[in-house]
Amino acid sequence: WAVGGTPQMQMFQQAVGFEQPRLYGTLSQWQPDKACGFIDCIEPAGKKLFAHKSDFEQQFLDGMAPPLGTPLSFVLGHDPKSGKERACQIRAESRWAVGGTPQMQMFQQAV
């Protein structure tokens with residue numbers, strides 16, 4: 001199975017227990033008036049992904065977004081309207097977490 005895909009494919013993958021690999025980055029921009037911003041990806045380096053407030057697994061009140069530079073993990077998804085890649089299932093990650101996947105270890109070293 002391909003990772004990500006259409007919203008319908010993502011729902012199907014979740015229903016059958018398929019877990020997409022988590023990617024890592026930091027919150028680099030946030031527009032509180034639009035409740036969205038961008039994540040700078042660790043890998044591939046230099047890639048920016050759109051992030052919307054509704055895609056954070058732990059919801060927060062308007063004006064209470066994580067601060068810029070917050071380490072995040074997420075899965076790659078696609079915007080249903082534009083078809084562009086975006087971050088989904090976004091989680092704030094602890095800078096002090098130990099171990100994890102090789103990508104998380106690289107991320108921990110980078111921050």
Show your reasoning for whether side-chain contact (heavy atoms from CB on, under 4.5 Å) applies to H78 and E85. CA-CA 4 Å; H78 291 85; E85 290 181 328; 3.7 Å; yes
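The 12-atom threshold is not exceeded at CD of Q58, counting heavy atoms of other residues, nucleotides or ligands nearer than 6.0 Å.
Annotation: the span from H52 atom NE2 to Q31 atom CD amounts to 10.5 Å, rounded to 0.5 Å. Annotation: the span from R22 atom CZ to I90 atom CD1 amounts to 9.0 Å, rounded to 0.5 Å. Annotation: the span from F38 atom CZ to K47 atom NZ amounts to 12.5 Å, rounded to 0.5 Å. Taken from CD in Q89 to OG in S73, the straight-line distance is 9.5 Å, to the nearest 0.5 Å. In this structure, the separation between CZ on F74 and CD1 on I39 is 5.0 Å, given to the nearest 0.5 Å.
K48 is listed as a side-chain neighbour of D40, based on a closest heavy-atom distance under 4.5 Å. With contacts defined as side-chain heavy-atom distances shorter than 4.5 Å, the pair C41/L23 does not qualify. Using a 4.5 Å cut-off on side-chain heavy atoms (C-beta onward), F50 and D55 make no contact. Annotation: side chain of W30 is not in contact with side chain of P66 (no heavy-atom distance under 4.5 Å).
Summarising the geometry of G77 relative to C88, their closest heavy-atom pair is CA-SG, 3.8 Å, with the distance given to 0.1 Å.
When L27, T26, I42 are each tested for a side chain to side chain contact (heavy atoms under 4.5 Å, CB included) with L72, only one passes: L27.
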